[in-house]
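See below for the structure under consideration.
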Amino acid sequence: MTGPRLPRKLGEIGIPMNPLAASTPVSEVVAMLDGDRHAPGVIVQTATGHQLVSRALVEKAAAGPAPDAPRTAADLPRHDVLALPADTDIDMAAEAALGRPADEREEPVLVTWPDGRYGIAPMMDLLAAMAGRYARLSRTDQLTGLPNRAMITAEGRRRLDAGNLLAVLHLGLDRFQDANDVLGHHGADALLHRVGVALNAAPGPGNLVARLDGDQFLVLLSELPPGHTPQSMGRHIASRIRGPHTIDGLPIGVEVSIGISPADYHDIAVLQRRAAAAMRRAKRERTGVVEWTPGLDSTQRVDLRQLTELRSGLRNGHLRLFYQPLHEATSRKMSGVEALVRWQHPQRGLLPPGVFLPDAERSDVILELTDWVLAEALHQAALWKRAGHHVPVSVNLPPAYLAQERAVPTILALLQLEQVPADLLTVEITETAVLTNPDEVAAQLSALRLRGVRVAIDDFGTGYTSLGLLPRLPVDELKIDRSFVVQMHDSPAHATIIDSVIAIARALGMMVVAEGVEDEPTAADLARAGVDLLQGYHLNRPTPPEAVPLMPARPLTAVV
């Protein structure tokens, strides 16, 4: 929804007029003005150029004493004419007109067109146009031309009162700071403008789009096409603004997180806050579109100070990778390692992941951190390989990372860079990642597995609803969550779950890994039950790479 476009140039309010000959009798000039009450004056062509005589001056001269009355248009009194080109900006034209002497400020302005036409712009029309532009600017975002926060709030309140509002959508561009870093402020502004244009056309007629600030936009949904819901409309909008948008010769794709608040509360400010909270959830979980539900606003806040320090520590080399071995259940030979991140904090010492990963996963820091873990783990695998040790490495991929289109190309590029065989890498995903976007996750994992990368589902059993998805997923390993392993001797139910997981894995041709093995009886019972690999403190704690108990090196000729 957009309002009528307001004048921007002087020529848009100028009234074209045919210049009169200087010899035109004043009686004809008066008759012409009497016949057109909207004409603001006349233009007279004289030997010195075109002169403008306002209606007020003509009427004053005609009403004067007969002996002194002018006889021709050339005799009419006039002020110094202000002549401006038709393409003069409205604000500049008004400023020039108001800069005239006080007794001339109400006089119209002579407008000239490049094709030789002339016209008159009445001063009241000029001031009204300027005032209209300022009023519009107070309601409009200058960068995109979309309504701003004040206008969308007022319109949202009006639609809500009229019962003409279905939902409020809050949109936030993902990783816009990266685009800002690459393109600079000018390029980033150009990208926002392109997104604004695409977004304005996406929801269809009857719906209003606004830019709030930065990379944040708002949509008031009042109409939906047949068969659409606010959620499907959100996905439609995301696809329409994705691009790529060519900025300074670079094709830039746009990803967006969208929060939806149904219009079920009679306060537009509350609906906007709910939509913003849902957008933040979508951004944290990289789920694309999230609808607000009660309790969503109470999500735990991140520790901003720690998050800032983590970002700095990541870039200053303060993170460390430790490796916890996985052992064959029967022979106890080491079969591979899992990469586990630690933070060597300058003041707080070595911090375990539980201290900082939850905050990282609620921000975009998790993406940069996962890039680092992948690169570091594959580099270490390459070092072991060159030393003759064949050590598969497992790396956890959070849902946010796997939701990126660049996830698979980045992993494959790192494998190529380090010259590491793909089967030395196992990517571990949680059931949460599977349940969030099963089709997209399956596509990403299939692309990796096609190139030889192994796939494991971590913490299996904690999100039992993923059971029906297993046949659709390209999975090599199931990792039984430690919560079942540590209680298998105390709870028959937990032991039964472990047996069931093993049976499912066997039926689907998958390996089974048991996490959290804390003692020898547990290790032995898991081996007898049919678990393939064991992982836990009873066997090895996570250690720096130099302390990993490697098997004797293979002959270099045998390394592939």
Side-chain angles (χ1 to χ4, degrees), residues 3-140 142 145:
R5 192 180 68 83
L6 294 173
R8 294 180 300 172
K9 302 298 181 182
L10 180 62
E12 296 178 46
I13 63 171
I15 302 172
M17 304 283 290
N18 292 320
L20 302 177
S23 59
T24 303
V26 170
S27 58
E28 290 186 19
V29 174
V30 172
M32 184 182 70
L33 293 177
D34 287 343
D36 182 2
R37 300 305 301 174
H38 297 291
V42 296
I43 299 172
V44 180
Q45 185 174 358
T46 69
T48 58
H50 290 82
Q51 301 294 326
L52 190 158
V53 184
S54 68
R55 174 184 290 274
L57 288 177
V58 171
E59 292 175 348
K60 181 179 179 180
D68 300 324
R71 290 178 295 176
T72 67
D75 300 327
L76 289 169
R78 63 184 69 89
H79 293 296
D80 290 338
V81 65
L82 174 61
L84 296 173
D87 64 352
T88 304
D89 186 85
I90 285 289
D91 294 343
M92 294 181 62
E95 183 177 346
L98 292 173
R100 295 178 294 183
D103 61 340
E104 299 179 15
R105 287 177 188 160
E106 295 183 4
E107 290 294 297
V109 175
L110 180 64
V111 184
T112 62
W113 277 272
D115 58 5
R117 290 180 299 145
Y118 290 85
I120 301 176
M123 192 59 185
M124 286 302 297
D125 290 356
L126 180 58
L127 293 177
M130 183 181 68
R133 283 196 62 188
Y134 281 121
R136 182 180 176 86
L137 286 175
S138 70
R139 306 189 304 270
T140 306
Q142 296 187 42

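Every value quoted in this text rests on a predicted model; they were computed, and no experiment measured them.
No more than 12 heavy atoms of other residues, nucleotides or ligands lie within 6.0 Å of CE in M124, so this atom counts as exposed by the packing criterion. Other residues, nucleotides and ligands contribute at most 12 non-hydrogen atoms within 6.0 Å of the CG atom of N18.
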Inset, instruction - Go through the steps to decide whether L52 and I120 satisfy the test side chain to side chain contact (heavy atoms under 4.5 Å, CB included), and finish with yes or no. - result: CA-CA 8 Å; L52 190 158; I120 301 176; 3.9 Å; yes

Legend entry - side chain to side chain contact (heavy atoms under 4.5 Å, CB included) between R100 and M123, worked out: CA-CA 12 Å; R100 295 178 294 183; M123 192 59 185; 4.0 Å; yes

Inset, instruction - Check the pair E104 / L82 against side chain to side chain contact (heavy atoms under 4.5 Å, CB included), numbers first and verdict last. - result: CA-CA 10 Å; E104 299 179 15; L82 174 61; over 6 Å; no

Inset, instruction - Mind running side chain to side chain contact (heavy atoms under 4.5 Å, CB included) on Y118 and V111 for me, showing each step along the way? - result: CA-CA 6 Å; Y118 290 85; V111 184; over 6 Å; no

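Between K9 and D87, the closest heavy-atom pair is CD-O, 3.2 Å. Shown here for L33 and R55, the closest heavy-atom pair between the two residues is O-NH2, 3.2 Å. Scanning both residues, P40 and P108, for their nearest heavy atoms gives O-CG, 4.3 Å. Listed here is the closest heavy atom pair of L10 and P85: CD2-O, 3.9 Å. When all heavy atoms of V42 and M17 are compared, the closest pair comes out as CA-CE, 4.4 Å. Among all heavy-atom pairs drawn from S23 and T72, the shortest one is O-CG2, 3.9 Å.
Two residues are said to be in side-chain contact when any heavy atoms from C-beta on lie closer than 4.5 Å; L20 and M32 meet this criterion.
Annotation: the span from Q51 atom CD to L76 atom CG amounts to 11.0 Å, rounded to 0.5 Å. In this structure, L84 CG and T112 OG1 are separated by 7.5 Å, a value rounded to the nearest 0.5 Å. The CD1 atom of I90 lies 13.0 Å from the CD atom of E95; values are rounded to the nearest 0.5 Å.
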